[in-house]
Amino acid sequence: MKKEFHGNFTQQEPLSEEAIEAAIKVMRHGRLHRYNVAENEASEVALLEQDFAKKFDVKFCLACASGGYAMTTALRALGINSGDKILTNGFTLAPVPGSIAAAGGEVVFVEVNEELLIDFEDLEKKIKSSKSKVLLLSHMRGHICNMDSLMSLCNSYKVRVIEDCAHTMGAKWDKKWSGKYGIIGCYSTQTYKHLNSGEGGILITDDEKIMARAIMLSGSYMLFDRHISGPDPEFFEDIKLNTPNCSGRMDNLRAAILRPQLANLEQKCNGWNKRYDHIQKELKGTKGLRLIQRHPKEHFVASSFQFLLPGLTSEAIQEFLISCAEKGVELKWFGAKEPTGFTSRYSSWQYAPKQKLVNTETILDGLIDMRLPLTFSITDCKIIAKIIKSEVRKLT
Ligand SMILES: *Cc1c(COP(=O)(O)O)cnc(C)c1O
């Protein structure tokens, strides 16, 4: 079969000249460590934190080594004890249950529905049965549940919410940024997320005590006063000697390339959504293919595209994936028995207690996932959608 599409699904945009210049400046002076500053100098990391806090109108921000590290730090900053049960979505990515394990918690998975959102009924059931006091809510692939309902449910049980915003940086539910509903918001700047520094993570909160602990945990030594976007020194007095240093800082080189990207975030988000809209329009009405419905209040950032092929055998889906791949369209499938590449599912995380999520299982069996890099043109997106459509038609 002839390849009809030649784009590369894992090729992100190159860094801007501004970002490259900023990185070179850091390399020229050599002060790569965030606390290595010249007199009266604020480090690039401290400035990134300040920029981020300003952009998302939050009191405090901490940049760190990865999104997974930010989530582990968030859990530890909430005072998670070994063996504490932590709720999270049954549909998420490996770093999420991994961060719970790293903090010593025990994962309790919650069902998701056909819109790939956490199932409120199952959430309430699991809150009651597990008595968990923390939900690590994963906005997996950028799908945002009704945050007003979620917060009122969690508040009524005194369950604290940490938001995993790896795919929702720049997104909103209603009028409020994703990451600002929970007590802590965590982001990733790993290459395939909305900002690219190779690896990196960001944690935000309005809570002084939580941020003071997060800063100590991240490895601030006694240099916490070098954080522009942290709480006053008095908040460190009681905790500075009994909070472990679990080094996971961000460095100035990565922060330097992130700052110009952050300034340009809206433009990138619009670019993703434009591509998503074209694919969505093209695939609408395709028999056998179910698009993910989105709430009018969900102002998402579509850096990837998902659809469902319900009711097909795994053989049929595998064939579909192969024929799309032969035409150049690289799709991922959450229904594979063996986890591959970036794609794994809750049953593959066997360090967690064995759990059965009947509905999530059925949904994942038919769930197809595709990256939407900004290196694709609108024409590319139309070609991709046409290929998918014609291959789905062959199935029915
Ligand atoms: C990428 C990702 C993270 C964080 O990943 P890191 O690689 O640790 O930065 C967290 N949650 C989801 C859903 C992700 O996709």
Side-chain angles (χ1 to χ4, degrees), residues 56-58 67 70-71 74-75 77-78 80 84-93 95-97 99-100 103 105-188 194 202-207 210 292-302 306 346 355 357-360 363-364 367:
F56 294 107
D57 191 24
V58 66
M71 293 185 291
L75 290 162
L78 289 187
I80 295 311
D84 282 0
K85 295 197 165 57
I86 311 294
L87 301 150
T88 194
N89 316 43
F91 171 49
T92 185
L93 211 75
V96 177
S99 71
I100 296 173
E106 191 178 295
V107 191
V108 178
F109 291 114
V110 180
E111 294 264 23
V112 296
N113 60 29
E114 280 199 316
E115 313 312 338
L116 310 180
L117 304 173
I118 196 160
D119 178 327
F120 292 155
E121 215 173 290
D122 194 50
L123 176 59
E124 184 161 16
K125 210 173 102 192
K126 300 268 165 74
I127 290 173
K128 285 181 182 164
S129 62
S130 70
K131 304 201 164 52
S132 169
K133 289 292 168 215
V134 179
L135 166 66
L136 176 47
L137 176 70
S138 184
H139 302 299
M140 178 63 171
R141 291 294 185 261
H143 299 273
I144 309 171
C145 69
N146 184 325
M147 291 305 292
D148 302 315
S149 309
L150 179 105
M151 291 314 296
S152 70
L153 174 63
C154 288
N155 289 340
S156 71
Y157 287 96
K158 297 201 164 47
V159 168
R160 289 182 293 175
V161 178
I162 298 170
E163 290 181 73
D164 163 23
C165 304
H167 306 150
T168 56
M169 188 193 288
K172 283 179 179 171
W173 170 265
D174 203 4
K175 292 183 179 72
K176 195 151 116 186
W177 295 109
S178 177
K180 292 196 44 170
Y181 282 88
I183 186 144
I184 305 176
C186 298
Y187 304 80
S188 168
H194 298 178
I202 289 170
L203 183 158
I204 60 166
T205 185
D206 281 326
D207 187 296
I210 290 174
I292 311 298
Q293 305 302 312
R294 309 195 89 144
H295 194 284
K297 285 188 180 172
E298 187 192 356
H299 306 294
F300 55 89
V301 178
Q306 291 73 41
Y346 77 93
Q355 297 162 63
L357 304 178
V358 181
N359 298 340
T360 303
I363 289 156
L364 295 182
L367 180 60

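Heavy atoms only: backbone and side chains are in, while hydrogens, waters and symmetry mates are out.
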Check: Asp119 side chain, Glu121 main-chain N or O, donor-acceptor pair, under 3.5 Å: yes
Listed partners of Ser149 passing side chain to side chain donor-acceptor pair (under 3.5 Å), at least two apart: Asn146
Check: Arg160 side chain, Leu78 main-chain N or O, donor-acceptor pair, under 3.5 Å: yes
Gap separating the CZ atom of Phe300 from the NE2 atom of His139, nearest 0.5 angstrom: 14.5 Å
Leu135 vs Ile118 side-chain heavy atoms within contact, under 4.5 Å: yes
Within 45° cone and under 6.0 Å: Lys180 NZ/CZ vs Phe56 ring: no
Atom of Gly179, atom of Cys165 and distance for their closest heavy-atom approach: CA-SG, 3.4 Å
Between CE on residue Met147 and OG on residue Ser178, distance to nearest 0.5 Å: 6.5 Å
Shortest non-hydrogen contact between Ser130 and Leu87, atoms and distance: OG-CD2, 4.0 Å
Side-chain heavy-atom pair Asp206, Val58 within 4.5 angstrom cut-off: yes
Val301/Met169 under side chain to side chain contact (heavy atoms under 4.5 Å, CB included): CA gap, chis, key distance, verdict: CA-CA 8 Å; Val301 178; Met169 188 193 288; over 6 Å; no
Spatial distance of atom CG (Leu137) from atom OH (Tyr181) [nearest 0.5 Å]: 12.0 Å
Side chains of Leu123 and Leu150 in contact at under 4.5 Å (non-hydrogen atoms): yes
Polar side-chain atom of Glu163 near backbone of Gly185 as donor-acceptor pair, under 3.5 Å: no
Side chain Lys175, main chain Lys297, donor-acceptor under 3.5 Å: no
Non-hydrogen side-chain atoms of Ser132 and Val108 separated by less than 4.5 Å: no
Spacing of Cys145 atom SG and Met140 atom CE [to the nearest 0.5 Å]: 15.0 Å
Minimum heavy-atom distance Ala74-Cys186, with the two atoms named: CB-SG, 3.8 Å
Point-to-point distance, once rounded to the nearest 0.5 Å, from NZ of Lys133 to CD1 of Ile86: 12.0 Å
Main-chain N/O of Thr360 paired with Tyr346 side-chain donor or acceptor, under 3.5 Å: no
Heavy atoms of other groups near Lys125 NZ, more than 12 under 6.0 Å: no
Tyr187/Ile204 under side chain to side chain contact (heavy atoms under 4.5 Å, CB included): CA gap, chis, key distance, verdict: CA-CA 9 Å; Tyr187 304 80; Ile204 60 166; 3.5 Å; yes
Ile144 CD1 to Trp173 CH2 distance, which is reported to the nearest 0.5 Å: 8.0 Å
Pair His143-His167, side chain to side chain contact (heavy atoms under 4.5 Å, CB included): steps then yes or no: CA-CA 8 Å; His143 299 273; His167 306 150; over 6 Å; no
Any donor-acceptor N/O pair, Ser138 side chain to Asp164 backbone, under 3.5 Å: no
Contacts of type side chain to side chain donor-acceptor pair (under 3.5 Å), residue Ser99, not counting sequence neighbours: none
Side-chain (Gln355) to main-chain (Val107) donor-acceptor, under 3.5 angstrom: yes
Main-chain N/O of Glu111 paired with Asn359 side-chain donor or acceptor, under 3.5 Å: no
Thr88 side-chain N/O to Leu136 backbone N/O, donor-acceptor pair under 3.5 Å: yes
Exam field: side chain Lys126 to backbone Phe109, donor-acceptor pair closer than 3.5 Å: yes
Nearest heavy-atom neighbours spanning Thr205 and Asp207: OG1-N, 3.1 Å
